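Report on the structure given below.
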Protein chains: 2
Amino acid sequence: MTQEYGGAGACARPPSRYNRRMTDWLLHTPALDTLDAPTRARLAGLPQQTLPRGAVLFRPGDAVEGFAIVLSGRIEVFLTGAGGRELLLYAVEPGQSCVQTTLGLLGEAPYSTEAITAQETEVVMIPRALFRALMDSAPAFRQLVFAAFAERMGGMIQLMERVSFQSVECRLASWLCGHADGGRVQATQAEIATQIGSAREVVSRRLDAFARRGWVQTERGAVVLTDPGALRRLALSEGG
Amino acid sequence: MTQEYGGAGACARPPSRYNRRMTDWLLHTPALDTLDAPTRARLAGLPQQTLPRGAVLFRPGDAVEGFAIVLSGRIEVFLTGAGGRELLLYAVEPGQSCVQTTLGLLGEAPYSTEAITAQETEVVMIPRALFRALMDSAPAFRQLVFAAFAERMGGMIQLMERVSFQSVECRLASWLCGHADGGRVQATQAEIATQIGSAREVVSRRLDAFARRGWVQTERGAVVLTDPGALRRLALSEGG
DNA sequence: CCCGCCTGCGTGATCATGTCACAGACGCCC
DNA sequence: GGGCGTCTGTGACATGATCACGCAGGCGGG
């Protein structure tokens, strides 16, 4: 399902066909607008890379090569359990950076999670040395990194809360509402299961229950929301 | 079980009987050894507070008053679910600081968790303004905060892994091994349940199973480990 | 000493979820 | 049409959470 793409070093040594010209990508990255001129100058020269959907940026055990900033697309970071079950920890979207990476750069610890692009994704890698220099010398950059860190931590706590204390039904309804595009969600049940931290069979049964209540219609690779209101009410009901 | 102690503002406005003399507590805090002289000077004057066991430092919804550094004792931070079930997120021990607090100070977000002292605990509170100033001007302080942050994030990911992918039996065995004092663990089954993120009844049944295998003996408010080796093997078996 | 009460513990019943095994359905390519 | 891989549906079962009790030990008041 997720095609291998360059293995462990994908983000560090990508095939050249995915390298882009060195350009002023900073202009298109609002999150970095607050950076001062010298910092911008040091960043502007870095090459950006385009990764196809399904590329593996890192796996558990990999060493951390540099600090990634996402320009466009989306990277999903998963925790993998013994039985092969996966749990989406968080997603990295444009202007954001990867906490696991920050963690690795600051503490020398290898990755314990797996990162896969969910769409075609453009990233800029900041090498370790430059990252550390910026952290020390560029207050705005530091703010940026710290803010990202804080946001993730908050997100992780929320995730823990949902996974530990909320029913699968609630999580599923919530996820469906949050991913509907014109009353339609394009995803296989296995994908949904991973996203909400459950198992495919369970998703299948819950969706079936929703369908019997007339809230959704299931198709191969998609779910149609026929009563988004009901789903939303369930999602907000905090049901344990 | 956890006596209320001054409520929301406990750490900000403690009863005066718990205030101590202003002293050079920095001398006894190895974690802060790397701080430069000016920073140490700014910190040395802060008062330390002593909180009894069971004091509530903050609850969900409280505003963040300042940055806490633990000198001695132990603070436990919990997530609370709908049914009143609680899950230990992490503990703050001497020389460490509270991430939730950092998060709140940086992002203005209120607490979503609950912090309770597990023993008599000495803390120093750094007011918000000083905290921000130090973050900007004292690289060593910044390093300290960042390192703590990174460590917590790693811990949270590990916790997520254990809670999501490991059996209660493994977690229980592991916890017992980690908390044995001379082959004996002093804790009620309800406490153990909270620590490993399960329910009291489940702990009761698992302990019973251990007892039938001759690995432990249960007493009122305590567990005696009669075969620590077996428990340790189970704890390390990564059983899903 | 007896009683009432609180806390901690044990247990059965039931529900929610995760896991395993397997079969049918759908799409696609040859 | 036939073969193959992916997606989905289902039954059987194990684990864990929740609910509803009852029982035991400890403690203070009478």
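In this text the structure is predicted, and so the values were computed from the model without any measurement. First the proteins, then the strands, lettered A, B, ... as listed; each starts at 1.
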Original post:
side chain to side chain contact (heavy atoms under 4.5 Å, CB included) with B/T80: which residues, sequence neighbours excluded?
Top reply: B/E86, B/E114

Original post:
Can you name the residues that form a side chain to side chain contact (heavy atoms under 4.5 Å, CB included) with B/S174, not counting sequence neighbours?
Top reply: B/A235

Subject >> Contact list for residues 152-164 of chain B, test side chain to side chain donor-acceptor pair (under 3.5 Å), sequence neighbours left out >> reply: B/Q96-B/R152

Original post:
Would one find a side-chain N or O of B/Q189 under 4.0 angstrom from OP1 or OP2 of C/dG10?
Top reply: yes

Original post:
Between D/dC7 and A/T218, is there an OP1 or OP2 to side-chain N/O distance shorter than 4.0 Å?
Top reply: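 The answer is no; no side-chain N or O of A/T218 sits under 4.0 Å from OP1 or OP2.
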
Give the rounded distance in Å between these two atoms: [atom1] of [X] and [atom2] of [N].
X      : N      : atom1 : atom2 : answer
A/L87  : C/dT17 : CG    : C1'   : 15 Å
B/E219 : C/dG10 : CD    : C1'   : 16 Å
A/E86  : C/dG18 : CD    : P     : 15 Å
B/I192 : C/dG8  : CD1   : P     : 12 Å

Show which side-chain atoms of residues 212-225 of chain A pair as donor or acceptor with protein atoms under 3.5 Å away, not counting sequence neighbours.
unit_1 : atom_1 : unit_2 : atom_2 : d
A/R212 : NH1    : A/D208 : OD2    : 2.4
A/R213 : NH2    : A/E169 : OE2    : 2.9
A/E219 : OE1    : A/R184 : NH1    : 3.3
A/E219 : OE1    : A/R184 : NH2    : 2.9

Subject >> Letter per nucleotide, 5' to 3', of nucleotides 10-18 of chain D [B base touched, S only sugar-phosphate touched, - untouched; heavy atoms, 4.0 Å] >> reply: BBB---SBB

Original post:
According to the ring pair (Phe, Tyr, Trp, His ring centres under 6.0 Å) rule, which pairs have a member within residues 166-207 of chain A, sequence neighbours left out?
Top reply: A/W175-A/H179

**OP:** Could you pull out the closest heavy-atom pair between A/C177 and A/P228, with the gap in Å?
**Re:**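 Nearest heavy atoms, A/C177 then A/P228: SG-O, 4.2 Å.
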
Original post:
For the side chain of A/R220 and the base of C/dC26, is some donor closer than 3.5 Å to an acceptor across the two?
Top reply: yes

